[in-house]
Enquirer: 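Next up is a structure, given as structure tokens.
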Amino acid sequence: MTRPRAWMLALAAAASAGAGPGAAAPPSPPPDAVRRTLGDVFERPEFQPREARGGGALFKALRDFFEWLGGLRAGAPVLFWVLLLGCVGALVLLVALIVWQVGRALGSGTEARRAEAETRRRGLAADHRGEAGRLAAAGEYAEAVRHLFLSLIYRLDESGRVGLNKAYTNHEYLELLGDRLPSPGSLKIIVDTLDDCWYGQRACRAEQYQTCLAVYEQHASS
């Protein structure tokens with residue numbers, strides 16, 4: 001072994017002996033120095049928050065606004081209650097407006113449906129009267145008398161003298177109209193003709209149809 005190499009080995013052994021278990025640890029820095037060092041580190045640009053842009057700016061503005069509201073009750077209680085009662089009042093007015101608009105819309109829809117039903121009902125009376133004339137011209141007098149009766153019931157329903165109910169029989173209509181027509185006995189002529197010719201399936205003569213038509217004209221124009 002050469003002398004320079006032996007000298008290097010001795011130097012390494014001395015360094016290893018000095019770093020052994022019995023060697024003293026380096027002294028810790030004081031707390032104030034640590035805090036100052038950390039403060040200097042966090043003051044660097046890479047640790048600073050970036051400028052809020054776009055949606056971040058809006059979020060920051062909203063956050064500041066709600067933070068202001070949160071401290072308003074303690075900082076300015078009068079303003080807090082004014083704002084709170086104003087918001088409650090605005091909410092009540094908004095709900096009332098919505099209810100009014102919905103009610104108006106439903107009411108308008110109901111009136112429109114009622115008017116449409118009234119128009120359709122009046123049209124039915126005219127339709128049945130026209131069908132009666134067409135059938136009479138074709139010689140189908142029993143069917144024609146039936147349409148005369150239906151047209152008359154629709155017309156009486158329009159005037160409010162009887163409520164239209166498809167479940168009623170002809171005789172039930174006759175009983176309902178007993179004291180609501182100027183000559184209720186004449187309406188029985190149409191009902192009896194229907195019983196004999198429509199339900200009894202007997203032949204209906206032109207003279208019978210003309211008699212029923214006269215009764216129809218009498219009550220339809222009254």
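Note: hydrogens, waters and symmetry copies are ignored here, and every other heavy atom, side chains too, is used. Please read all numbers here as calculations on a predicted model, not as lab measurements.
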Enquirer: Can you tell if the side chain of L213 reaches within under 4.5 Å of the side chain of R129, non-hydrogen atoms only?
Expert: yes
Enquirer: Can you name the closest pair of heavy atoms from L148 and C212 and give their distance?
Expert: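 The pair with the smallest heavy-atom distance is CD1-C, 4.1 Å.
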Enquirer: Please tell me whether L83 and F65 are part of a single hydrophobic cluster in this structure, the criterion being side-chain heavy atoms less than 4.5 Å apart.
Expert: yes
Enquirer: How far apart are the closest heavy atoms of A125 and Y154, and which atoms are they?
Expert: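 Heavy atoms of A125 and Y154 come nearest at CB-CB, 3.7 Å.
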Enquirer: With rounding to the nearest 0.5 angstrom, report the NE2 to CG distance, H171 to D192.
Expert: 6.5 Å
Enquirer: Give the minimum heavy-atom separation between L194 and A142, together with the two atoms involved.
Expert: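 Of all heavy-atom pairs spanning L194 and A142, the closest is CD2-O, 4.3 Å.
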Enquirer: Below 4.5 Å, heavy atoms only, C-beta onward: do L187 and I190 meet side chain to side chain?
Expert: yes
Enquirer: Report yes or no: do V102 and L94 belong to one cluster of Ile/Leu/Val/Met/Phe/Trp/Tyr joined by side chain heavy-atom distances under 4.5 Å?
Expert: yes
Enquirer: Can you tell me which residue pairs pass the side-chain hydrogen bond (donor to acceptor under 3.5 Å, both in side chains) test with a partner in residues 130-140, sequence neighbours excluded?
Expert: E131-R134
Enquirer: Would a 4.5 Å heavy-atom cut-off, applied to side chains only, mark F149 and I153 as touching?
Expert: yes
Enquirer: Determine whether L84 and V82 fall in the same hydrophobic cluster, where Ile, Leu, Val, Met, Phe, Trp and Tyr are linked whenever their side-chain heavy atoms lie under 4.5 Å apart.
Expert: no
Enquirer: Can you hop from I189 to L152 via hydrophobic side chains spaced under 4.5 Å?
Expert: yes
Enquirer: Just grab all the side-chain hydrogen bond (donor to acceptor under 3.5 Å, both in side chains) pairs involving residues 200-214, residues at least two apart or on different chains.
Expert: none
Enquirer: Do Y216 and S151 touch side chain to side chain, with heavy atoms closer than 4.5 Å?
Expert: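 Sidechains of S151 and Y216: in contact.
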